[in-house]
There are 2 protein chains.
Amino acid sequence: MVTIKDVAKLSGVSPSTVSRVIADNPRITEETKKKVRKAMKQLGYHPNISARNLVAKSTKAIGVIMPSSANTALQNPFFPEVLRGIGSVIHEARYSLSLSTGETDDEICEEVKRMVFGRYVDGIILLYSRLNDRVTNFLREQDFPFVIVGKPYENESETTYVDNDNLKAGKEITKCLIDKGHEKIAFIGGSSDLIVTKDRQDGYIEALKEAGLEENDSYKIHTEFLKSGGREAVEYLLSLKEKPTGLVVSDDLISLGVISRLEESGYSIPDDLSLVSFNNVYLSEITRPPLTTVDIQIYELGAQSAKALIEKTVNKGEPAKRIIIPHKIVYRDSV
Amino acid sequence: MVTIKDVAKLSGVSPSTVSRVIADNPRITEETKKKVRKAMKQLGYHPNISARNLVAKSTKAIGVIMPSSANTALQNPFFPEVLRGIGSVIHEARYSLSLSTGETDDEICEEVKRMVFGRYVDGIILLYSRLNDRVTNFLREQDFPFVIVGKPYENESETTYVDNDNLKAGKEITKCLIDKGHEKIAFIGGSSDLIVTKDRQDGYIEALKEAGLEENDSYKIHTEFLKSGGREAVEYLLSLKEKPTGLVVSDDLISLGVISRLEESGYSIPDDLSLVSFNNVYLSEITRPPLTTVDIQIYELGAQSAKALIEKTVNKGEPAKRIIIPHKIVYRDSV
DNA sequence: CTGTTAGCGCATTCAA
DNA sequence: TTGAATGCGCTAACAG
């Protein structure tokens, strides 16, 4: 392995000078810099990151934690897309990205501890937010830099997070249905532990209230992201005496299952039933019918979270921030 | 920061003894081990990974390189699923997983160099394989441990890779169509640079030949994974005087676009046209109709690649291996 | 079975 | 503007 010493020897300077050239220290002559750089190139020198990390007490690496994947949640195109957003700013900052590999909550928790205690990473991005999450609590305890994509369950004002205004979005998208004359509108959401589910549902409820529509508990359904999730929800809904005519679904992926099951039973969308949804994943454009859905700018969610985290790691003491990514409704044919 | 020295002091032994306890060296008394462990717990000690990496000359980290994401390829549920597979064995081996963040070929290439030269990782998994890939060539030049998910373009026998028998799979799935009496069968594939596209298409061609069916160049279409990819392909196909009655599509995601566009034009599947596909991504179950597709065991592809790579990194000199993951056809309703 | 010593490759004082 | 010395936290060889 070619080290800083070899470069020093070849270029006739001291190791510390080489180190300074690497850091592009302005107190080094352009001339010697040139000389040293030539030697580096000649020897094919590249700094050893572990050595550097050791002394710098920083790894310039960010940990990204995905939710537990017992379910197929991960298959949600949401994740590749946030990852792209995160990746773009991480890449530009010359950081590296360490992805969680655990599948269960236990594994993930253990892994986060390794990341934190072993100083694998300078900060962590959480790609989910839910009630009483061990990981979140741990990170807070340790006072370790992290940001949440989504809204924290508690300590909102002391936590940096990047989110949409899901309440408002839920309200707006529900209004789309109401404006079309729908009065029996159901909500189908993901796990009720997820903050995002709650927010969107609250928006849905508010919209109903404002319109003076009756709020019906049997119209609020929580299900899995699994393929069968949307299907089960539909089966339940169809079993009701009073069937809804409008559906607010909190995730495009669930919508897929919903539509599929609905058409199986002979219901056609939007003729028999209208449906609106969230996320504007690329799929929502391909489906039949294409989905009217809330574009939450997934990429941007990722990018901003990475940006905020990096700021936070370089500049400890950075205050907690709340970053709201604007959404917009994309009108297509499911209403 | 609490270091090995602090633990040593508190437990009244030397730093090296502590180090040995960490490594669970059998030449240390159970008694002292207990003592030392107690001190570690008491102080909340955790080894610093950078320091360890520095002396061990290994990071126990694996780099995973995704294809350039100029297109929406990444949104393909294939990737989360391989990542899950990779993650599972990486996690079990207590390795960590560094994900590429670059979007363009240039960025990716630069990033791989950083990973390799900076010794960020012990080995690399390539999640794609295509003609004349710079990254692959670089890795070979450097004689850096890597494995490909897919079949290498060249130096097949000297490269470790994990793949399906895509030729055979292509043949079998095409036969499904032929056996049903289809004679005009088209192939819609992804980029022709991708080895996987070529293999599957070759299988398709072989099947045609064996059945004595005419092979028609205007029936071989290459398109993007983009949403519009499948659509364009269909438009072209519909413009032909002699329209096919069967479609072999090399990716479930493309199939989605194909079906959507097809039904838009009033063609119904499988009544007017039959379609078979590849990957058995969860989507293929949700679509209408559910897809008859080749299950390529994506998770397993990932897991095996990680396993092979780790073996390779711990045991340099490990010979190149070819690992073929069996596929099976999942019969659903698109035929 | 355990302690002493040295050194991994680098960045950073402090001198010069 | 540069060099010499020191130490980051850890492991491993060598003693004992």
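Order of the sequence lines fixes the chain letters, A, B, ..., with proteins taken first and strands second; residue numbering starts at 1 for each chain.
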Undergrad: Classify A/Val18 by what it touches in the nucleic acid, base, sugar-phosphate, or nothing, heavy-atom distance under 4.0 Å.
TA: nothing
Undergrad: Whole angstroms only, please: what is the NZ-P distance between B/Lys5 and C/dT5?
TA: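 It is 13 Å, rounded to the nearest whole Å.
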Undergrad: Take A/Thr17 and B/Lys57, find for each the nucleotide of DNA chain C with the closest heavy atom, and name the residue whose nucleotide sits nearer the 5' end.
TA: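 Counting from the 5' end, the first nearest nucleotide belongs to B/Lys57.
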Undergrad: Please state whether the phosphate of C/dC8, meaning OP1 or OP2, lies under 4.0 angstrom from any side-chain nitrogen or oxygen of A/Thr3.
TA: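 False: A/Thr3 side-chain N/O out of range (4.0 Å or more) of C/dC8 OP1/OP2.
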Undergrad: How about B/Glu103 and B/Ser68: does a side-chain donor come under 3.5 Å of a side-chain acceptor?
TA: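 There is no such pair (donor and acceptor under 3.5 Å, judged by atom type) between the side chains of B/Glu103 and B/Ser68.
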Undergrad: If you measure from the Lys or Arg side-chain nitrogens to the Asp or Glu carboxylate oxygens, is any gap between A/Arg134 and A/Asp106 under 4.0 Å?
TA: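 Yes.
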Undergrad: Among B/Glu92, B/Arg84, B/His91, which residue satisfies the side chain to side chain donor-acceptor pair (under 3.5 Å) criterion with A/Thr101?
TA: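 Checked B/Glu92, B/Arg84, B/His91 against A/Thr101; only one passes side chain to side chain donor-acceptor pair (under 3.5 Å): B/His91.
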Undergrad: Is there a donor on the side chain of B/Ser16 or the base of C/dT4 sitting less than 3.5 Å from an acceptor on the other?
TA: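 Yes, the side chain and the base share a sub-3.5 Å donor-acceptor pair.
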Undergrad: Are A/Thr17 and A/Ser14 close enough that a side-chain donor and a side-chain acceptor fall under 3.5 Å?
TA: yes
Undergrad: Please classify the nucleic acid contact of B/Arg52 as base, sugar-phosphate, or nothing, using heavy-atom distances under 4.0 Å.
TA: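 Sugar-phosphate contact only.
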Undergrad: For DNA chain D, note the earliest and the latest nucleotide, 5' to 3', having some atom under 4.0 Å of a heavy atom belonging to chain B.
TA: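 First-to-last contact on DNA chain D, by the 4.0 Å heavy-atom rule, is D/dG9 to D/dC14.
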Undergrad: Can a donor-acceptor pair be found between the side chains of A/Arg140 and A/Thr159 at a distance below 3.5 Å?
TA: yes
Undergrad: How bent is the helix from C/dC1-D/dG16 to C/dA16-D/dT1, comparing axes over its five end pairs at each side, to the nearest 10°?
TA: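 Between the first-five-pair axis and the last-five-pair axis there is 40°.
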Undergrad: Does B/Arg114 count as lying over the ring of B/Tyr120, i.e. NZ or CZ under 6.0 Å from the six-ring centre, within 45 degrees of the axis?
TA: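 Yes; both conditions hold, so B/Arg114 lies above the ring face of B/Tyr120.
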Undergrad: May I have the distance from A/Lys9 (atom NZ) to C/dC10 (atom P), rounded to whole angstrom?
TA: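 In whole Å, C/dC10 P lies 13 Å from A/Lys9 NZ.
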Undergrad: Both A/Ile49 and B/Ser14 contact DNA chain C. Which one's nearest nucleotide lies toward the 5' end?
TA: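 Of the two residues, B/Ser14 wins.
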Undergrad: Using a heavy-atom cut-off of under 4.0 Å over every strand shown, decide if A/Ile4 touches base, sugar-phosphate, or nothing.
TA: sugar-phosphate
Undergrad: How about NZ on A/Lys312, more than 12 heavy atoms from neighbouring residues, nucleotides or ligands closer than 6.0 Å, or not?
TA: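 Yes, because the 6.0 Å sphere around NZ of A/Lys312 holds more than 12 heavy atoms from other groups.
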Undergrad: Could you tell me the separation between the CE atom of B/Met66 and the CG atom of B/Leu83, rounded to the nearest 0.5 Å?
TA: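 That separation rounds to 5.5 Å.
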Undergrad: Assign A/Ser19 to base, sugar-phosphate, or nothing according to its heavy-atom contacts below 4.0 angstrom with the strands shown.
TA: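 Contact class for A/Ser19: base.
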Undergrad: Could you state the CG-C1' distance from B/Asn53 to C/dG9, rounded to the nearest angstrom?
TA: 13 Å
Undergrad: Under 4.0 Å, heavy atoms only, any strand: does B/Leu54 hit a base, just the sugar-phosphate, or nothing?
TA: base
Undergrad: Calculate, to the nearest 0.5 Å, the distance between atoms OG and CD1 belonging to A/Ser96 and A/Ile49 respectively.
TA: 7.5 Å
Undergrad: Let me know, please, whether B/Tyr45 or B/Arg27 comes out on the 5' side of the other along DNA chain D by nearest nucleotide.
TA: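 Counting from the 5' end, the first nearest nucleotide belongs to B/Tyr45.
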Undergrad: Kindly state which residues belonging to residues 110-122 of chain B come within less than 4.0 angstrom of DNA chain D, counting heavy atoms of the residue only, listed by number.
TA: none
Undergrad: Cationic tip of B/Lys113 within the cone over B/Phe138's six-membered ring, i.e. under 6.0 Å and within 45° of the normal?
TA: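 Ring-cation test returns yes.
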Undergrad: Within the 4.0 Å heavy-atom criterion, would you say B/Ser50 contacts the bases, only the backbone, or no part of the nucleic acid?
TA: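 The answer is nothing, as B/Ser50 stays clear of every strand by at least 4.0 Å.
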Undergrad: Just by distance, with hydrogens left out, do B/Tyr299 and B/Ser88 show a side-chain donor and acceptor under 3.5 Å apart?
TA: yes
Undergrad: Compare the minimum distances between each of C/dC8, C/dT2, C/dG3 and the side chain of B/Arg20, then state the nucleotide with the smallest one.
TA: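 Comparing C/dC8, C/dT2, C/dG3 against the side chain of B/Arg20, the answer is C/dG3.
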Undergrad: Do we see a donor-acceptor contact under 3.5 Å between the side chains of A/Tyr95 and A/Asp122?
TA: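 The criterion, which ignores hydrogens and geometry beyond distance, is not satisfied for A/Asp122 and A/Tyr95.
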Undergrad: Need one value for A/Pro15: base, sugar-phosphate or nothing, where a base atom within 4.0 Å counts as base even if backbone is also close, heavy atoms only.
TA: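 Nothing, no heavy atom under 4.0 Å.
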